[in-house]
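Inspection log for the structure reproduced underneath, given as structure tokens.
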Amino acid sequence: MINQKSVQLGSVRSVIRELFEYGKKRKAQIGEDNVFDFSLGNPSVPPPAQVEEALENVLKTRDPVQVHGYTSAQGDASVRSAIAGYISKNYGVPQTADLIYMTCGAAASLAITFNALLNAGDEVITIAPYFPEYKVFCEHAGGVLVPVKGEAGTFQPDIAAVRAAITPKTKAVLINSPNNPSGVVYSEERITQLCKVLKECKERGQTIYLIADEPYRELVFGGVKVPYIMNYYDESIVCYSFSKSLSLPGERIGYIAIAPAMRNAGEVYAAVCGAGRALGYVCAPALFQLIIPEVLGLTADISVYERNRDTLSAALESYGFTVVRPDGAFYLFVQSPEPDSDAFAERAKEHELLIVSAKSFGVEGYVRISYCVSPEMIARSLPAFRALALSYGLKRDKK
Ligand code: PLP
């Protein structure tokens, strides 16, 4: 018999993918413009022009054997140096290239990190709502994911609840800010408090690693700051991806950065290299590694997302929905007007609105709306949202 756990994982689609597939079928039936698909977190704005320029430059000026060849397993040395330099300059951390590992995006960064850190039965605390794949990556590495509910309404980490969830088996705390699915950016105050708890554990002899999953770091609005965890806690690992900031999710490029101040940084880096090797995640796509030094710090035009957020949240609030105001990413978290968010998402489908129930993100009573879509689709969808609100008897223009 082959591995049944893998068979099961490969046979069952995530709720998000299920809805996306439904959307494709529905569009074929009633027309592309009549379905309002808010299911996926696929960036809707093109990469910045500099990505194309950098690609042309690399293809024109570099030796094709190098461009299309293997890099070192952990990534090209000059690329890792450029990233280390960027981190040092922008976040004030003396990052070095020998603690950077190039990956195929945040998914690979997380899978590698879990495999590097966890022994069988080790626990990883994360804050709900959370990205559902965390459970898959963590369990595959032999770990146990321990979701701890974020503070009601704000979805900031509940520090007392995190403290209560720590056991002798806790090996890591995983945070994701800006958050998928809530769009919330964790405040500096909460990060400081969280790190205080972890430092207390360290003083008592238990090292708990802090992992930040950061594909949305640059997607913030109104000058909101995303604290860089290495400045708050030495035992930190950043799992970064260029998928969302540069609108390059299909190119599979990201990295793992290990805090230079970490007590056993060299050993953890060796474990990351070992886990990458064991998983076959070596030598991330060479062409896209090579353009990274030229586009570090750039983003796609995120003003489109900010405008979408403003249009959608203002409209939904005016129809009577309760919305968690997001400071980042491209997701709107909306309270379900009925306790069962699955039923709400199903009713939304009757209005051709494809929105994701937050149960699979570990939270009851909310749905996620991905607003990385065209502003035109948002405008077209508003009458459907209004009709959905009316079907629940929600009051319009409650302000
Ligand atoms: N982590 C979070 C919170 C995400 O939302 C995603 C993708 O949507 C990922 C990780 C995976 O990102 P990547 O495409 O870089 O592997």
Side-chain angles (χ1 to χ4, degrees), residues 13-20 37-45 47 51 75 83 101-115 124 126-138 140-141 145 147 150 155 157 172-186 210-220 226 229 237-257 276 279-281 284-285 288-289 292 295 299-300 302 305 326-333 356 358 360-363 368-373:
R13 279 204 204 106
S14 74
V15 176
I16 303 170
R17 285 273 154 200
E18 201 68 62
L19 195 59
F20 177 65
D37 186 352
F38 294 96
S39 62
L40 278 193
N42 213 356
S44 56
V45 293
V51 165
I83 291 171
Y101 188 96
M102 300 306 296
T103 64
C104 295
S109 300
L110 290 162
I112 292 172
T113 301
F114 287 152
N115 276 276
V124 177
T126 198
I127 314 297
Y130 63 92
F131 183 53
E133 295 302 283
Y134 291 166
K135 194 168 153 59
V136 177
F137 301 147
C138 180
H140 192 258
L145 191 74
F155 297 105
V173 172
L174 167 63
I175 58 171
N176 166 227
S177 164
N179 183 263
N180 175 9
S182 70
V184 168
V185 175
Y186 295 166
L210 180 59
I211 306 168
D213 174 27
E214 300 206 328
Y216 302 98
R217 161 163 284 279
E218 289 81 10
L219 271 62
V220 283
V226 182
I229 55 163
I237 299 174
V238 173
C239 290
Y240 185 82
S241 165
F242 296 95
S243 294
K244 317 283 175 166
S245 57
L246 290 175
S247 292
L248 294 175
E251 306 299 354
R252 313 309 300 138
I253 191 77
Y255 62 81
I256 299 168
L279 292 167
Y281 274 142
F288 275 83
Q289 282 193 53
I292 290 304
V295 295
T299 65
I302 64 168
Y305 301 139
D327 283 323
F330 36 49
Y331 305 108
L332 195 62
F333 218 40
V356 181
S360 59
F361 299 101
V363 165
R368 183 190 83 170
I369 300 179
S370 293
Y371 57 80
C372 44
V373 296

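Each ligand, and each atom within it, is numbered from 1 in the order the structure gives. Since we're looking at a predicted model, the values are computed, not measured.
Distances between N or O atoms of Ala107 and those of ligand 1 include at least one value under 3.5 Å. In terms of polar-atom proximity, Asn180 is counted as a contact of ligand 1, with an N or O under 3.5 Å from an N or O of the ligand. At under 3.5 Å, not a single nitrogen or oxygen of Gly41, backbone or side chain, sits near a nitrogen or oxygen of ligand 1.
Of all atoms in ligand 1, numbered sequentially from 1 with element shown, those under 4.0 Å from a heavy atom of Asn176 are 3 (C). The Ser243 neighbourhood of ligand 1 comprises atoms 13 (P), 14 (O), 15 (O), with distances under 4.0 Å to a heavy atom of that residue. Within the listing of ligand 1, atoms 15 (O), 16 (O) sit less than 4.0 angstrom from a heavy atom of Gly105. Interface of Tyr216 with ligand 1, defined as ligand atoms under 4.0 Å from a residue heavy atom, comprises 3 (C), 4 (C), 5 (O), 8 (O).
Of the protein's non-hydrogen atoms, Ser241 OG, 2.6 Å is the one closest to atom 15 (O) of ligand 1. Among all protein heavy atoms, the one lying closest to atom 2 (C) of ligand 1 is Asp213 OD2, 3.3 Å. Distance from atom 9 (C) of ligand 1 to its nearest protein heavy atom, with residue and atom name: Phe131 CE2, 3.5 Å. Looking only at heavy atoms of the protein, atom 7 (C) of ligand 1 is closest to Lys244 NZ, 3.4 Å. Among all non-hydrogen protein atoms, the one lying nearest atom 12 (O) of ligand 1 is Ala106 CB, 3.6 Å.
Residue Glu133 places every heavy atom at 4.0 Å or more from ligand 1. Residue contact annotation: Pro215 has a non-hydrogen atom under 4.0 Å from ligand 1.
Donor-acceptor pairing under 3.5 Å is recorded for the side chains of Tyr240 and Ser245.
Under the 3.5 Å distance criterion, the side-chain polar atoms of Tyr305 are matched with a main-chain donor or acceptor of Ser44. Remark: the backbone N or O of Leu40 is paired with a side-chain donor or acceptor of Ser370 at under 3.5 angstrom.
Atom CZ of residue Phe361 and atom OH of residue Tyr331 lie 7.5 Å apart, to the nearest 0.5 angstrom. Rounding to the nearest 0.5 Å gives a distance of 6.5 Å between CG of Asp37 and CG of Leu19.
Between Tyr130 and Tyr134, the ring planes are parallel. Angles under 30° get that label, and only those over 60° would be called perpendicular.
Counting heavy atoms from C-beta outward, Pro326 and Tyr371 have side chains that approach closer than 4.5 Å. Val363 places a side-chain heavy atom less than 4.5 Å from the side chain of Phe155.
Residues Pro43 and Cys372 approach most closely at CA-CB, 4.4 Å, considering heavy atoms. Heavy-atom minimum distance, Gly75 versus Gln289: CA-OE1, 3.3 Å.
By the criterion of a heavy-atom distance under 4.0 Å, neither the backbone nor the side chain of Phe242 is placed next to ligand 1. With a 4.0 Å cut-off on non-hydrogen atoms, Arg252 touches ligand 1 through its side chain and not its backbone.
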